[in-house]
*Asks:* 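Input: one structure, supplied below.
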Amino acid sequence: MVGGLRAGNEGEALALAGWVHRRRDLGGLLFVDLRDRSGLIQVSFGPDWTEAASMEHAHDIGHEDVIRVEGVVAARPEGAHKDDMATGGVELRVTRLEILSDARTPEIPVYRASEDELPAEELRLQHRVLDLRRRELQQKLVLRHKLVLAARNYMDRNGFIEVETPILTKATPEGARDYLVPSRVHKGEFYALPQSPQIYKQLLMVAGFDRYFQIARCFRDEDLRADRQPEFTQIDVEASFVEVDDILRWIEGLILALAEISDVDAPIPFPRLTWQESMERYGSDRPDLRYQLEIEDWTESTADLDFRVIRSQVDAGGRVRGFLLKGGGGLSRRQIDGVENEAKAAGAPGLLWGKRSDEGASGPLGKFMSEEQADRIGLGIGDLVLVSAGPDSLTSPTLSAVRDALVAVLELQPVREHAWVWVTDFPVFDEEDGMLAASHHPFVMPHTDDIDDLEADPASVRGTAYDLVYNGTEFGSGSLRIHEPELQRRILRVLGLSEDEIEKKFGFLLNALSAGAPPHGGIALGMDRIVQRFTDSPSLRDTVAFPKTTAARALFEGAPTPPGESALDELGLQLKAQDS
RNA sequence: GGGGUUGUAGCUCAGUCGGUUAGAGUGCCGGUCUGUCACACCGGAGGUCGCGAGUUCGAGUCUCGUCAGCCCCGCCA
């Protein structure tokens, strides 16, 4: 390995192999920066120490050729040290050169001066092997390896068994679109790739593997984002005879083990917020607690405000919520408009605001306020108030977006660099367009106190579900699961499934649960996202060796491709004509 | 599915108001060069301006469509 050579190695005769990173040909002397995974070292060619044939040969070597050199480690001459290089004090004086492999001129450079821009990502993906030679990407994949290894070791130490679950599985309804795999033996039938090993790990609990984990690949056929790939990796965990606290404590220990590797602070135990509280104070179920800004409720204190927009929302059952920014009056109209645009993008019709100066309150909201009313909500001279009025389902996402925008525009200083939080007690159901859907998945154990309300008031039923949030990013989520078949049936019924559908889709799970199922629960952590955040990567693509584009294409190998006629025949499939 | 944005030499980019032969740096090729390290210097090659229509006397530049990358919304139990 080339990167570890130091002054202490002087005089050693050895052979090194690697890639030609840079070359500097001075005619009589020639220098090559030789690279391998461990780093760089300068190797030097000169007529006084290099064999004549090798010397001649050396002028032919080009970038990214793979070479092997024999020589002696020597201190560099006085004044020729390179202090910004780990091996900068030494070099290998080459006696013999062997070119192991000629490289074509690389389409994208591996070498990059510090001020050079990266090649376009399209090219980086097309020529991925070259891109992966870059130190930054190699370091990310090495860190990923270390994190996975630490996770395995930690889970093992705590008595968890890694069990692999099928990749060819049964399609499950709801949730994301499945990737389907046609069956040749059973024409017209398809396997699905797992969106997660959720049901399998519950089956393993019933089977008595009371502590399970898996570094599991998951697949979801949905449109992609910077932080979303069609296939991704979860640290999947499940345990029997446990309470929520047990799982959170295990995962805190796991995160601590991972964070230590990455130089991230993870002071455990992590604070907890109920979902209700999180929505109330931050408008989001994954609040970024690096920043202190919190939502306030002024429904009461604005009750006498004669402003039609607010009155109509409150009369309709809405609330008046927003942010008070001490000293925020300095924000320009343009900056406030920028924040309002974020509010609109989050679905709000607009954002109400008010400033206060010596001459009183002003702004779309402020101008309706008397001195006394301004005092009551705490709007002092030089302050700014930003308000959203309406149902929580509107104001929460709005104010969450406003909060993010304010953090940016005010350049708000974080109160901590690494903010961890558990958000607990998520509702079991989401209401979307009047339809009930499982807010997490349909196997979440409801709070015992709320089970009686399942049919009468499903929206109010809290689940034993929790999310782990780091700096505003969801790292993972889990819950206790339902282990009683009857309760599971009830939930599925509430979700609108017929007895027939329940049997067809979940019969195998219910069948398992009735075989004597232990109470159990678990969590799944997004490995890729952890690596992304811990390496401060702009995209998940940088944490994966061979990622897909946002259109789910693999540019290097060129997947997907149309199938051959014979393949289709064998599968009993026929392609529909495209376009229409 | 929708919105935005980018696409000019191998790579990173410039290209004014629509006007003559589309430039720079780097890489590549050839040459000089014995302590360089973004080596230096001299010379050279290299272009389907993503693709297709249209407007125009004339399009890298304007219009429409399309493809691809990226960002976002929808979607992601």
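Just so it is clear, the values below take in all heavy atoms, side chains as well, and ignore hydrogens, waters and symmetry mates. Residue numbering restarts at 1 for every chain, and letters A, B, ... go by the order of the sequence lines.
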*Asks:* Say we look at B:U63 and B:G4: how far apart would their P atoms be, to the nearest angstrom?
*Replies:* 13 Å
*Asks:* Calculate the interatomic distance between A:R529 atom CZ and B:C76 atom P; express it in whole Å.
*Replies:* 14 Å
*Asks:* Would you kindly compare A:L118 and A:H63 by the position of their nearest RNA chain B nucleotide and give the one closer to the 5′ end?
*Replies:* A:L118
*Asks:* Once you round it to whole Å, what is the distance between P of B:G4 and CG of A:N341?
*Replies:* 15 Å
*Asks:* Can you tell me how far P in B:C42 sits from the matching atom in B:U6, rounded to whole Å?
*Replies:* 37 Å
*Asks:* Base, sugar-phosphate, or nothing for A:Y111, non-hydrogen atoms under 4.0 angstrom?
*Replies:* sugar-phosphate
*Asks:* Looking at A:R24, I'd like to know whether one of its side-chain N or O atoms comes within less than 4.0 Å of OP1 or OP2 on B:U36.
*Replies:* no
*Asks:* Check every atom of B:C11, B:U36, B:A38 against the side chain of A:K82 and return the nucleotide holding the closest atom.
*Replies:* B:A38
*Asks:* Is the gap between the ring centers of A:Y200 and A:Y212 under 6.0 Å?
*Replies:* no
*Asks:* For A:L40 and B:C37, give me the distance from atom CG to atom P, rounded to whole Å.
*Replies:* 16 Å
*Asks:* Given the P atoms of B:G23 and B:G31, what is the spacing between them in whole Å?
*Replies:* 28 Å
*Asks:* Rounded to whole Å, how long is the line connecting atom CD of A:E78 with atom C1' of B:U36?
*Replies:* 16 Å
*Asks:* Side chain of A:D25: nearest nucleotide among B:G35, B:C33, B:C13?
*Replies:* B:C33
*Asks:* With rounding to the nearest 0.5 Å, note down the distance linking CZ in A:R134 to CG in A:L118.
*Replies:* 4.5 Å
*Asks:* Look at the aromatic rings of A:Y179 and A:F219 and report parallel, tilted or perpendicular, splitting at 30° and 60°.
*Replies:* perpendicular
*Asks:* CZ/A:R529 to OG/A:S537 distance, rounded to the nearest 0.5 angstrom?
*Replies:* 13.5 Å
*Asks:* Using a strict 4.0 Å threshold on nitrogen-to-oxygen distance, state whether A:D84 and A:K82 make a salt bridge.
*Replies:* yes
*Asks:* Taking B:A59 as the reference, what is the distance to B:A53 when you measure between their P atoms (whole Å, please)?
*Replies:* 13 Å
*Asks:* Can you tell me how far P in B:A22 sits from the matching atom in B:U32, rounded to whole Å?
*Replies:* 33 Å
*Asks:* Which part of the nucleic acid does A:S44 contact within heavy-atom distance under 4.0 Å: base, sugar-phosphate only, or nothing?
*Replies:* nothing
*Asks:* Please tabulate, one pair per line, each protein N/O and nucleotide N/O from nucleotides 24-26 of chain B that are separated by under 3.5 Å, including the distance.
*Replies:*
none

*Asks:* Which nucleotide wins on minimum distance to the side chain of A:P119, given the candidates B:G35, B:U34, B:U12?
*Replies:* B:U12
*Asks:* Using 0.5 Å steps for rounding, measure from the OG atom of A:S38 to the CG atom of A:L16.
*Replies:* 9.0 Å
*Asks:* Less than 3.5 Å apart, any donor N or O on the side chain of A:T473 or A:N471 sitting next to an acceptor on the other?
*Replies:* no
*Asks:* Mind checking the P distance from B:G50 to B:G44? Whole angstroms is fine.
*Replies:* 28 Å
*Asks:* Do the side chain of A:R23 and the base of B:C39 come within less than 3.5 angstrom through a donor-acceptor pair of N or O atoms?
*Replies:* no
*Asks:* Roughly, in whole Å, what's the span from CD1 in A:I41 to P in B:G35?
*Replies:* 20 Å
*Asks:* Assign the ring pair A:F546 / A:F556 to parallel, tilted or perpendicular, where the plane angle (0 to 90°) is split at 30° and 60°.
*Replies:* tilted
*Asks:* Mind calculating the distance between CD (A:Q195) and C1' (B:C75) to the nearest angstrom?
*Replies:* 12 Å
*Asks:* Does one side chain, of A:T95 or A:R93, offer a donor that lies under 3.5 Å from an acceptor on the other?
*Replies:* no
*Asks:* If the cut-off is 4.0 Å, is A:H81 near the phosphate of B:G35, judged by side-chain N/O to OP1 or OP2?
*Replies:* no
*Asks:* At under 4.0 Å between heavy atoms, how does the protein contact nucleotides 65-74 of chain B? Give one character per nucleotide, 5' to 3', with B, S or -.
*Replies:* ---SSBSSBB
*Asks:* When the P atoms of B:U20 and B:G60 are compared, how many Å lie between them, rounded to an integer?
*Replies:* 10 Å
*Asks:* Tell me yes or no: between the side chains of A:T165 and A:Q214, is some donor less than 3.5 Å from an acceptor?
*Replies:* yes
*Asks:* With sugar-phosphate meaning primed atoms plus P, OP1 and OP2, does A:P77 contact a base, only sugar-phosphate, or nothing at under 4.0 Å between heavy atoms?
*Replies:* base
*Asks:* Is the cationic atom of A:R22 (NZ for Lys, CZ for Arg) positioned less than 6.0 Å from the six-membered ring centroid of A:Y111 and within 45 degrees of its normal?
*Replies:* yes
*Asks:* Ignoring hydrogens and angles, tell me if any N or O in the side chain of A:E222 forms a donor-acceptor pair with the backbone of A:R177 under 3.5 Å.
*Replies:* yes
*Asks:* Pick base, sugar-phosphate or nothing for A:Q42, based on heavy-atom distances below 4.0 Å to the nucleic acid.
*Replies:* base
*Asks:* Strictly by Watson-Crick or wobble contacts shorter than 3.5 Å, is anything paired with B:C33, and which nucleotide is it?
*Replies:* none
*Asks:* Partner lookup for B:C13, please. Criteria are Watson-Crick or G-U wobble with both distances under 3.5 angstrom; report none if nothing qualifies.
*Replies:* B:G23
*Asks:* If we call it a pair only when both distances are under 3.5 Å in a Watson-Crick or G-U wobble match, what pairs with B:G58?
*Replies:* none
*Asks:* Taking the nucleotide of RNA chain B with the nearest heavy atom to each, does A:E107 or A:R76 sit closer to the 5' end?
*Replies:* A:E107
*Asks:* Does B:A53 pair with anything, Watson-Crick or G-U wobble, both distances under 3.5 Å, and if so, with which nucleotide?
*Replies:* B:U63
*Asks:* Rounded to whole Å, please give me the gap between CG in A:L123 and C1' in B:G27.
*Replies:* 14 Å
*Asks:* Rounded to the Å, how far apart are A:R104 CZ and B:G27 C1'?
*Replies:* 15 Å
*Asks:* Taking B:U61 as the reference, what is the distance to B:U55 when you measure between their C1' atoms (whole Å, please)?
*Replies:* 14 Å
